[in-house]
Amino acid sequence: MFDNARYITSGINEEVDESIQVLLWNFIDLLKLKEDFTIDWLQVFELREISNSKTFNQEIVHSQEEPLYKKHYLVAVDKPISTKIYVIDDSEQSVLMLSKEY
């Protein structure tokens, strides 16, 4: 999973800063490195802007359903956003998309 060509949708291109896009792909790559772990074809990222912290301004919750996985990240980015993003692997390609584009 997620070892094929990678694409982004027009919504991602317009709404999500490139630094966040790269970060999300990196989180998937880190998950692929876990031993004895099966990565699901659907990866979900919930992004929330944090306004009450001087250190971090973006929360990212990375999850999948099967097997169950959930991890929280706090990062500092140039343009924090609040949205839900899906990354889908159909065995031929991987696509990063806004949930509203699914």
Side-chain angles (χ1 to χ4, degrees):
M1 286 283 166
F2 297 97
D3 287 327
N4 43 32
R6 293 179 170 184
Y7 299 96
I8 61 169
T9 60
S10 58
I12 290 290
N13 189 48
E14 293 169 10
E15 296 184 29
V16 181
D17 190 74
E18 187 176 336
S19 64
I20 294 177
Q21 294 175 33
V22 170
L23 198 56
L24 300 183
W25 287 118
N26 286 339
F27 290 153
I28 291 171
D29 289 339
L30 287 172
L31 194 57
K32 289 177 1 187
L33 296 174
K34 291 182 85 165
E35 290 187 35
D36 298 325
F37 186 81
T38 304
I39 190 165
D40 197 1
W41 65 274
L42 173 63
Q43 299 297 301
V44 180
F45 292 95
E46 294 184 52
L47 285 72
R48 292 184 200 93
E49 185 175 349
I50 300 171
S51 59
N52 60 352
S53 172
K54 294 180 181 179
T55 309
F56 306 109
N57 60 359
Q58 182 75 65
E59 177 187 30
I60 301 172
V61 179
H62 178 194
S63 64
Q64 72 174 34
E65 287 187 4
E66 193 61 44
L68 191 59
Y69 172 83
K70 190 174 207 176
K71 182 151 184 170
H72 294 257
Y73 298 94
L74 298 174
V75 295
V77 297
D78 292 334
K79 299 177 187 174
I81 60 172
S82 294
T83 192
K84 183 184 260 188
I85 295 173
Y86 296 148
V87 188
I88 297 174
D89 183 303
D90 68 3
S91 75
E92 293 180 17
Q93 62 188 5
S94 299
V95 180
L96 186 73
M97 69 179 65
L98 299 173
S99 62
K100 63 186 177 187
E101 294 178 297
Y102 184 67

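What's counted below: heavy atoms across the whole structure, side chains too, no hydrogens, waters or symmetry copies.
- For N4, the side-chain contact (heavy atoms from CB on, under 4.5 Å) partners two or more places apart in sequence, or in a different chain, are D89, S94.
- For Y7, there are no ring pair (Phe, Tyr, Trp, His ring centres under 6.0 Å) partners two or more places apart in sequence or in a different chain.
- By the side-chain hydrogen bond (donor to acceptor under 3.5 Å, both in side chains) test, T83 pairs with no residue at all, sequence neighbours left out.
- For D29, the salt bridge (Lys or Arg N to Asp or Glu O under 4.0 Å) test picks out R6, K32, with sequence neighbours left out.
- Listed by first then second residue, pairs satisfying salt bridge (charged side-chain N to carboxylate O under 4.0 Å, His left out) with a partner in residues 58-86 read R48-E59, not counting sequence neighbours.
- Scanning for salt bridge (Lys or Arg N to Asp or Glu O under 4.0 Å) contacts around E15 gives K100, with sequence neighbours left out.
- Each ring-ring contact (aromatic ring centres under 6.0 Å, His included) pair with one or both residues in residues 10-30, not counting sequence neighbours, appears once here: F27-Y73.
- With sequence neighbours left out, D90 forms a salt bridge (Lys or Arg N to Asp or Glu O under 4.0 Å) with no residue at all.
- Considering only residues two or more places apart in sequence or on other chains, S19 meets the side-chain hydrogen bond (donor to acceptor under 3.5 Å, both in side chains) condition with D17.
- Q43 pairs by the side-chain hydrogen bond (donor to acceptor under 3.5 Å, both in side chains) definition with H62, Q64, not counting sequence neighbours.
- Listed by first then second residue, pairs satisfying ring-ring contact (aromatic ring centres under 6.0 Å, His included) with a partner in residues 79-102 read Y86-Y102, not counting sequence neighbours.
- For N57, the side-chain hydrogen bond (donor to acceptor under 3.5 Å, both in side chains) test picks out no residue, with sequence neighbours left out.
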